[in-house]
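Worksheet: the structure to be examined is printed underneath.
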Amino acid sequence: MTSIAFIGLGNMGAPMAGNLVKAQHKVVAFDLAQASMDAAAELGVGLATSAQDAVKEAEIVVTMLPAGKHVLSVWADILPNVKPGTLLIDCSTIDVDSARKAHAMAAELSCLSLDAPVSGGVGGAKGATLTFMVGGSNDAFAKGEEILAQMGRRVVHCGPAGNGQVAKICNNMILGISMIGVCEAFVLAEKLGLSHEALYDVASTSSGQCWSLTTYCPVPGPVPTSPANNGYKAGFASALMLKDLKLSQEAAQAAGAATPLGAAAAQLYGLHNAWGEGAADFSGIIHLLRGRTEA
Ligand code: NAD
């Protein structure tokens with residue numbers, strides 16, 4: 001049994017903390033929102049009155065927060081209260097710069113640290129089937145791998161500090177671009193009189209095959225479990241796709257990498273969100289590409 005502090009109990013954090021309780025760890029958690037605290041308490045998670053209080057006895061601290069500024073502020077608050085040698089793991093999706101700053105803050109106080117963003121969404125958080133993309137030292141990874149595995153199905157060490165976030169934004173840039181590509185192909189097929197089923201049957205077994213087509217197919221029918229069959233209810237919200245595409249664009253600019261399709265995808269998801277579709281599944285961008293907002 002490990003003593004774990006968990007800060008940030010939202011849609012992802014609460015079920016992840018619940019899975020650590022199921023794995024027999026002692027979990028003490030904190031969130032600014034009472035509703036999030038209540039949701040976690042129902043899963044057997046112990047509650048603290050502040051983030052500083054939650055981390056006092058912890059051997060491992062996990063944060064699952066909205067953005068880089070929240071992570072840096074929470075880590076600055078808790079680091080003076082943790083024991084030297086404690087491992088801090090940030091599972092939020094944040095910008096690479098903030099992730100590397102957080103690692104440096106931890107190192108200054110002789111703590112180990114990992115950036116470990118996830119893929120797999122709320123379903124993966126509940127079912128403990130997340131993929132963790134992990135950046136940090138070999139020592140930190142050796143200490144954190146087991147508890148990450150208890151919240152997910154795959155734990156991949158991507159290299160030094162920040163590389164988990166790099167892997168995450170690169171993966172999601174592929175995803176955003178490929179979803180738009182798949183949507184454009186369905187819209188073109190519609191205009192030219194090819195049925196959704198016929199395009200799916202060909203592309204899913206040909207060189208156009210990809211996750212956006214075969215798992216999140218943006219038209220109802222060919223993949224019965226895709227969000228398109230459920231009124232485009234997320235799934236993976238368009239607002240989160242936009243967040244990740246913006247992070248990859250910021251990183252690309254800072255690194256001097258040419259990502260013209262990533263930039264176009266960020267613009268299109270910006271429009272989709274501006275149309276009030278941020279809460280809908282990201283595959284709903286097909287409506288925008290058809291030139292109308294309804295299915
Ligand atoms: P969420 O908004 O549901 O939860 C965030 C929680 O953090 C909230 O409960 C909020 O009250 C809490 N919080 C904010 N500031 C805090 C502070 N200073 N101290 C304590 N608690 C604080 O978000 P989520 O969907 O759980 O996502 C969390 C992270 O995971 C984000 O970085 C997101 O990009 C990433 N992510 C989300 C998904 C998804 O499908 N939801 C998938 C992959 C990655």
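We count ligands from 1, going down the list as the structure has it; atoms in each ligand are counted the same way. All figures in this text were calculated on a predicted structure; none of them were measured in a lab.
S226 places no side-chain N or O within donor-acceptor distance of the main-chain N or O of Y216, the cut-off being under 3.5 Å. A donor-acceptor contact shorter than 3.5 Å is absent between the side chain of T86 and the backbone of V82. Under a 3.5 Å cut-off, the side chain of N163 and the backbone N or O of C158 do form a donor-acceptor pair. R154 places no side-chain N or O within donor-acceptor distance of the main-chain N or O of F132, the cut-off being under 3.5 Å. Looking at D115, its side chain does come within 3.5 Å of a backbone N or O of Q165 through a donor-acceptor pair.
The same ILVMFWY cluster, assembled from side-chain heavy atoms under 4.5 Å apart, contains both F30 and M12.
Annotation: S92 places no N or O atom under 3.5 Å from an N or O atom of ligand 1; distance criterion only. When only interatomic distances are considered, the shortest N/O to N/O separation between M12 and ligand 1 falls below 3.5 Å. On a distance-only criterion, G121 and ligand 1 share no N/O pair closer than 3.5 Å. Note: an N/O pair closer than 3.5 Å links D31 and ligand 1 by distance alone. Considering backbone and side-chain N/O atoms, K243 comes within less than 3.5 Å of an N/O atom of ligand 1. Between H70 and ligand 1, no pair of N/O atoms sits closer than 3.5 Å.
Here the heavy atom of the protein found nearest to atom 3 (O) of ligand 1 is N11 N, 2.9 Å. Distance from atom 39 (C) of ligand 1 to its nearest protein heavy atom, with residue and atom name: L240 CD1, 3.4 Å. At the shortest separation from atom 4 (O) of ligand 1 among protein heavy atoms lies G10 CA, 3.2 Å. Protein heavy atom nearest atom 18 (N) of ligand 1, with residue, atom name and distance: V74 CG2, 3.4 Å. Counting protein heavy atoms only, atom 36 (N) of ligand 1 is closest to T93 OG1, 4.1 Å. Taking atom 21 (N) of ligand 1 as the reference point, the nearest protein heavy-atom neighbour is L32 N, 3.4 Å. Closest protein heavy atom to atom 30 (O) of ligand 1: M64 CE, 3.1 Å.
Side chains of T63 and W75: a donor on one and an acceptor on the other come within 3.5 Å. With hydrogens and angles left out, the side-chain atoms of H287 and E277 include no donor and acceptor closer than 3.5 Å. Side-chain N/O atoms of S92 and D90 include a donor and acceptor closer than 3.5 Å.
Considering only non-hydrogen atoms, atom 14 (C) of ligand 1 lies nearest to P66 out of A39, P66, A40, S73.
The atoms of ligand 1 that sit less than 4.0 Å from any heavy atom of A33 are 11 (O). Which parts of ligand 1 touch S36 is read off a 4.0 Å heavy-atom cut-off, strictly below it: atoms 9 (O).
Remark: atom 23 (O) of ligand 1 lies closer than 4.0 Å to no protein heavy atom.
Looking at heavy atoms from C-beta onward, L112 lies out of side-chain contact with L88 at the 4.5 angstrom threshold.
Residue L65 touches ligand 1 through backbone and side chain together, judged by heavy-atom distances below 4.0 Å. By the criterion of a heavy-atom distance under 4.0 Å, the side chain of K168, and not its backbone, is placed next to ligand 1.
Salt bridge status for K83 with E59: absent, with no side-chain N to carboxylate O gap under 4.0 Å.
Taking the six-membered ring where tryptophan is involved, the planes of H157 and F141 are essentially parallel, since the angle between them stays under 30° and well short of 60°.
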